[in-house]
Amino acid sequence: MLTTNTDFLYAELMDVVRLFGENPPDLSHSFLYAGGNFINTVISEDREYTYREEQSCTTDLEFRRYAKRFAKLAVYNALRSLTGRSMPWGALTGIRPTKLAYAELEAGRPFQPLFEKFGVDAENIKLVQDVLTTQEGIYEIREGDADLYIGIPFCPSKCNYCSFITADIGKTERYLESYIAALEREIASCAGLYDRLKSIYVGGGTPLVLNTKQLERVLLAVSPFWKEGLEYTVEAGRPDVFTEEKLSLLKEYKVTRICVNPQTFSDATLERIGRRHTSSDIYKAFEMAKKFDFDVNCDLIAGLTGESVSEFCESIDKAIALSPENITVHTLCLKKGARLKAEETFLAGEGIAEMISYARSRLYTAGYMPYYLYRQKYMAGNFENTGWTKPSKACVYNVDVMEEITDNIACGANAVGKKIYARENRIERIGSPKDIPTYIAKTDKIISDKKALFGQKKLNENNFEETV
C-alpha cells in the first residue's frame, strides 16, 4: 500500500512500486518544495528515507516534471534499500528511455549521468548509447514529415498475450468487405496531409490473413502514396498465412520489407499461446520471402507461457541462422484485454534475465546492433523490447514511431495517429474506434477529424499551396 500527500504524484509512484512485485513494503510518501529544493520523505517499517534535490523551475510544466522525477527516485531508493533488490532500468518507468537520452543531449548534457542517478545498470546505459549510434542518419525531426500506417485488425486466431482488438477471422469475417471499403476511403483522404512521406507500414493483426483480392484492394488504395526509394513494410505476420501468390502481389505493389513473426520456434509453446502453425511453417515462410528479395523483420518474445530458458535461446539461435535484416526481442507483458492478463496478475520474470542476456550477446556477436527500444508497464522482469538490425538495414518506421519524431497518419480501427509539434515539444493524438462496426459507421467523422488535425493542403488557382 502507498499513501502520498500529493495526488498528481500517486500514479507515477505506483509505477515504481509495481517494479518490486506483488507484495512490496507499505510506504508513506510526503512531498515538499521549498527554497528551490524538491524534498521527498518515504517512511516504511519505522524507517525514514529523505531525498533532497535542488532544481530551479521557470514553468509549471517544468515543476511537475521534476517533482515526478525526484519523487520516483526517492521511492525507488527506499524500496531498493528495504528489499535489497535493484531493477535493470532503475527508477526509470517511462516507455521510451531513448527520448530521455535525446532530451539530455539536446540540452547540451551527456545522458549517462542522469541514467546513473536513476540507477540504470551499466549494460542498459550502453544499450541506449548503441541505439542512438545506430539511429544516426535516420533520426531526424523535420516539420511536415510523416509515416503512413494502415491497420488490418484480423488474425487467424488470438494469441493469449495479445491485447489488440483482433479476433479469430472466422468470428469477424462478416465485417471484412465493409471494413476494407471504409479503409479505402480513409486512405484516399490522407493525400495532402504531409510534406514528405518517409515510410508506409501495413500492420495488424495479420494483413496476409486477407485473401488475395482483399489484399490487393488495400495495396491498390495505398499505391498513390508510393514513390521510388520509399520504405514500404507489410506485417505479413504469421507463417501459416503466407502464400507465394500473396508475396508476389506485395512485390508487384513495390513492398520492400515484410515481417515474419514466429514469436518462438518451439512447437509446444506455439500451441500453448494459441498459434495455429508449427516451426516448420516458419522456415517455409522465410524460404518464400527469400524468393522475392524482401528485407525481413522477425519478432521473438522472451517469457512466453511455459517456455524454458533453453527453448528461448534455441529460438534466438534459429532466428539468427535464418539471417533476417531485423530481429526484435520482446519481453512478455501483461496487457489489458489479453487473455493472459485475465489469467495472471503479475509476471514473475523467472529466467527472463538469462534470456535477455543471451539474446544480447548472440545478436551482438552475429553482427546485429540495437536500433530502437521501448518499455511497457507490467513487463516480466522489468526489462524491455529491443529491435536489432544488420548494418544499414534499420526499419525507418520503427525508429520514427518509437522516438515520436515524425507525424503518424494512421488509418483503420484502433489506429492512433500523432501530430508532432517539434518546436512546442508536444504531441496531439487522434484515435479511431476499437470496435470494427463502430469504425465503419464513423468513417466520415474520422476523416474529417484527421484533416482538421493534420491540415489538408491543396493548390489554389495560382498553383500556390495553401492550408485549409
Side-chain angles (χ1 to χ4, degrees), residues 1-4 9-31 40-53 68-97 100-101 111-128 301-304 307-309 312 329-335 340-341 344-361 373-386:
M1 179 181 176
L2 170 74
T3 60
T4 179
L9 294 175
Y10 181 79
E12 300 283 338
L13 299 182
M14 281 303 300
D15 286 344
V16 176
V17 171
R18 276 190 288 265
L19 299 177
F20 288 83
E22 289 187 285
N23 299 299
D26 291 341
L27 301 177
S28 173
H29 166 263
S30 64
F31 168 76
N40 289 273
T41 302
V42 180
I43 299 174
S44 179
E45 300 176 359
D46 298 323
R47 297 168 68 180
E48 182 174 309
Y49 305 84
T50 299
Y51 182 81
R52 180 190 299 264
E53 186 87 26
K68 291 176 182 179
R69 179 178 295 183
F70 299 137
K72 289 197 296 186
L73 187 53
V75 168
Y76 176 77
N77 287 338
L79 285 168
R80 182 170 56 178
S81 178
L82 287 163
T83 65
R85 298 169 56 206
S86 296
M87 299 297 140
W89 288 95
L92 290 186
T93 59
I95 66 173
R96 293 179 173 87
L100 181 58
F111 74 86
Q112 291 88 345
L114 179 62
F115 278 51
E116 289 168 357
K117 175 185 286 188
F118 268 76
V120 179
D121 68 33
E123 286 190 7
N124 282 341
I125 292 175
K126 179 183 183 303
L127 183 70
V128 171
I301 300 178
L304 287 170
E307 184 154 280
S308 68
V309 173
F312 172 79
V329 179
H330 297 273
T331 302
L332 187 65
C333 179
L334 289 178
K335 300 178 182 179
L340 182 63
K341 196 172 194 313
E344 305 281 350
T345 58
F346 177 74
L347 295 174
E350 185 176 352
I352 300 291
E354 294 93 329
M355 294 178 185
I356 297 300
S357 177
Y358 183 85
R360 288 188 188 183
S361 175
L373 69 88
Y374 66 103
R375 304 183 66 231
Q376 295 166 282
K377 291 183 180 181
Y378 311 112
M379 295 188 81
N382 303 311
F383 285 94
E384 71 288 322
N385 306 313
T386 305

Colleague: Considering residues at least two apart in sequence or located in another chain, which fulfil the salt bridge (Lys or Arg N to Asp or Glu O under 4.0 Å) criterion with E53?
Modeller: K117
Colleague: Rounded to the nearest 0.5 Å, what separation is found between the CZ atom of F70 and the CG atom of L9?
Modeller: 12.5 Å
Colleague: Between R85 and L19, what is the shortest heavy-atom contact and its length?
Modeller: NH2-O, 4.2 Å
Colleague: Which atom names give the shortest non-hydrogen contact between L73 and F118, and what distance separates them?
Modeller: CD1-CA, 3.9 Å
Colleague: Do the ring planes of F115 and F111 sit parallel (below 30°), tilted (30 to 60°) or perpendicular (above 60°)?
Modeller: perpendicular
Colleague: Can you name the residues that form a salt bridge (Lys or Arg N to Asp or Glu O under 4.0 Å) with R96, not counting sequence neighbours?
Modeller: E404
Colleague: Nearest 0.5 Å, please: how far is CD in E48 from CD1 in I43?
Modeller: 4.5 Å
Colleague: If you compare all heavy atoms of S44 against all heavy atoms of L27, which two are closest, and at what distance to 0.1 Å?
Modeller: CB-CD2, 3.5 Å
Colleague: Ring-plane angle category for F20 and Y76, please: parallel below 30°, perpendicular beyond 60°, tilted otherwise.
Modeller: tilted
Colleague: Would you compute the distance between atom CZ of R69 and atom CD of E12 and round it to the nearest 0.5 angstrom?
Modeller: 11.5 Å
Colleague: Provide the closest heavy-atom pair for A101 versus V128 in the form atom of the first, atom of the second, distance.
Modeller: CB-CG1, 3.8 Å
Colleague: OG1 of T331 to CZ of R375: how many Å apart, nearest 0.5 Å?
Modeller: 9.0 Å
Colleague: Looking at every heavy atom in both R80 and G119, which two are closest together, and how far apart are they?
Modeller: NH1-CA, 4.4 Å
Colleague: Determine, step by step, whether L92 and N124 satisfy the side-chain contact (heavy atoms from CB on, under 4.5 Å) criterion, reporting the C-alpha distance in whole Å, the side-chain angles of both residues, the deciding distance to 0.1 Å, and the verdict.
Modeller: CA-CA 11 Å; L92 290 186; N124 282 341; over 6 Å; no
